[in-house]
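Note on naming: letters A, B, ... go to the chains in the order of the sequence lines (proteins, then strands), and numbering restarts at 1 for each one. Since this is a predicted model, take the numbers as computed values, not measurements.
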Number of protein chains: 2
Amino acid sequence: MSDLLERLRARGWRMTSQRRVVAEVLAGDHVHLTADEVHARAVTRLPEIARATVYNTLGELVALGEVVELSTDGRAKRYDPNAHHPHQHLVCSDCGIIRDVHPTGDPLAVLPPAERFGFTVSAADVTYRGLCPGCA
Amino acid sequence: MSDLLERLRARGWRMTSQRRVVAEVLAGDHVHLTADEVHARAVTRLPEIARATVYNTLGELVALGEVVELSTDGRAKRYDPNAHHPHQHLVCSDCGIIRDVHPTGDPLAVLPPAERFGFTVSAADVTYRGLCPGCA
DNA sequence: TCCTACGATGGACGTTGTCCAAGTCAAGAA
DNA sequence: TTCTTGACTTGGACAACGTCCATCGTAGGA
């Protein structure tokens, strides 16, 4: 994750302890935390960090393309640091756990021109739903 | 949409003027209203209808499988009455307009067993994103 | 027509997210 | 090293969306 910090510094980001802690909290695979979860974990490392700072930093990371924002359940948005490897998501309908998955083929290829209504289609977000081994 | 009312009556629903108005407001294709939009339209026909009633009724329609709940933008949930014809959604990244679309093939077929992590996968929700003719 | 259980009401409350004025500090300049 | 400055952080108010609950009203069967 330190390569993330270096990319950010290279883009002219002022490096603060708050931003460093948010980036550290987001490290890892299959990480899909809500903003409040990020804040809760950040507070254990930096007790004074404000909720607004976490929201600001997450928003900036999304704008820079370093983190992907998900809304799989209509509740709080979740933040996925695995932004440099295209993938989709598999969600347990019961417990809500999320896994990154990699379908085969191009998801846009199955949408015929007649079904595009003149749109310039550029991306497809897929949420697979089912029951995880623990809930089945 | 009156067939919807009859299906509901057949399931033992008590038919009230409020529920009838909510069902009427949801009639049509490519309809994807938020709960507050449904309430706003319902109020023009039945001025006393309460917001909580609209939320309750929409929740019941979703539980009965008569309406599909969408959260394409992390803001308010939207309600799609076209629940008996499987489809996906195409969203304009700029103005947010939503169209129902029908991709070819089975969306679950492209997720290999090795990418299922032991889940029992039962559905795939696809959101295609792009620019509509008006915004392009 | 009368009963009564189911549904509607509306206002309080909770969660998630945004905004802003004031204070703080990272990092380049001297 | 110290200074300077503008970007960053803070915390609290506010807004949007949704839920809950005690009370009242009424649909539909007896």
Chemist: In whole Å, I'd like the distance from the CD atom of A/E37 to the P atom of C/dG17.
Modeler: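 It is 11 Å, rounded to the nearest whole Å.
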Chemist: What is the distance, to the nearest angstrom, from the CZ atom on B/R75 to the C1' atom on C/dT15?
Modeler: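 From B/R75 CZ to C/dT15 C1': 14 Å.
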Chemist: What residues in residues 54-64 of chain A put a non-hydrogen atom under 4.0 Å from any atom of DNA chain C?
Modeler: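 Contacts with DNA chain C under 4.0 Å: A/Y55.
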Chemist: Less than 6.0 angstrom separating the ring centers of A/H85 and A/H102, yes or no?
Modeler: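 Between A/H102 and A/H85, which both carry aromatic rings, the centre distance is not below 6.0 Å.
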Chemist: Taking everything shown except A/R41 itself, do over 12 heavy atoms lie less than 6.0 Å from its CZ?
Modeler: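 Counting neighbours around CZ of A/R41, 12 or fewer heavy atoms of other residues, nucleotides or ligands fall under 6.0 Å, so no.
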Chemist: On DNA chain C, nearest-nucleotide positions of A/A35 versus B/L46: which is more 5'?
Modeler: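 The 5'-side residue here is B/L46.
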Chemist: Just how far, in rounded Å, is P of C/dG11 from NE2 of B/H39?
Modeler: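 Distance, rounded to whole Å: 12 Å.
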Chemist: Below 4.0 angstrom, N of the basic side chain to O of the carboxylate: do B/R99 and A/E115 qualify?
Modeler: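 Salt bridge absent between B/R99 and A/E115.
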Chemist: Measure from the side chain of A/A76, starting at C-beta and using heavy atoms only, and say which of C/dT9, D/dT10, C/dG17 lies closest.
Modeler: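 When the side chain of A/A76 is considered, C/dG17 is the closest of C/dT9, D/dT10, C/dG17.
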Chemist: Is A/R78 paired with A/E69 through a side-chain N to carboxylate O contact shorter than 4.0 Å?
Modeler: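 Not counted as a salt bridge, because no side-chain N and carboxylate O are separated by less than 4.0 Å.
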Chemist: In whole angstrom, give the distance that lies between atom CG of B/D73 and atom C1' of D/dA16.
Modeler: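 Atom CG in B/D73 sits about 12 Å away from atom C1' in D/dA16.
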Chemist: Specify the closest pair of heavy atoms between A/V67 and A/P81, including all atoms of both residues, with the distance to one decimal.
Modeler: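 Nearest heavy atoms, A/V67 then A/P81: CG2-CA, 4.1 Å.
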Chemist: Is there a side chain to side chain donor-acceptor pair (under 3.5 Å) between B/H39 and B/R51? Walk through the geometry before answering.
Modeler: CA-CA 6 Å; B/H39 180 240; B/R51 216 166 53 101; 5.9 Å; no
Chemist: Distance check needed: D/dG12 C1' versus A/E48 CD, whole Å only.
Modeler: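 Between C1' of D/dG12 and CD of A/E48: 18 Å.
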Chemist: For the pair A/F119 and B/V91, evaluate side chain to side chain contact (heavy atoms under 4.5 Å, CB included) and give the outcome as yes or no after the intermediate values.
Modeler: CA-CA 9 Å; A/F119 280 55; B/V91 181; over 6 Å; no
Chemist: Between A/H89 and A/H87, is the side chain to side chain donor-acceptor pair (under 3.5 Å) condition met? List the steps.
Modeler: CA-CA 7 Å; A/H89 295 98; A/H87 62 277; 3.2 Å; yes
Chemist: Between the base of C/dG10 and the side chain of B/R51, is one N or O donor paired with an acceptor at under 3.5 angstrom?
Modeler: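 Answer is no: no donor-acceptor pair is held.
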Chemist: Atom NZ of B/K77 to atom P of D/dC17: distance rounded to whole Å?
Modeler: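 Interatomic distance, NZ of B/K77 to P of D/dC17: 13 Å.
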Chemist: Salt bridge check: are A/E66 and A/R11 linked by an N-O gap of less than 4.0 Å?
Modeler: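 A salt bridge is present here (some side-chain N lies under 4.0 Å from a carboxylate O).
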Chemist: Please encode protein proximity along nucleotides 22-30 of chain C as a string of B, S and -, counting only heavy-atom distances under 4.0 Å.
Modeler: ---BBS---
Chemist: Once you round it to whole Å, what is the distance between P of C/dT16 and CG of A/L33?
Modeler: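 Rounding to the nearest Å, CG of A/L33 and P of C/dT16 are 13 Å apart.
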Chemist: Could you check how far CZ of A/R11 sits from C1' of D/dA7, rounded to whole Å?
Modeler: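 Going from CZ in A/R11 over to C1' in D/dA7 covers 18 Å.
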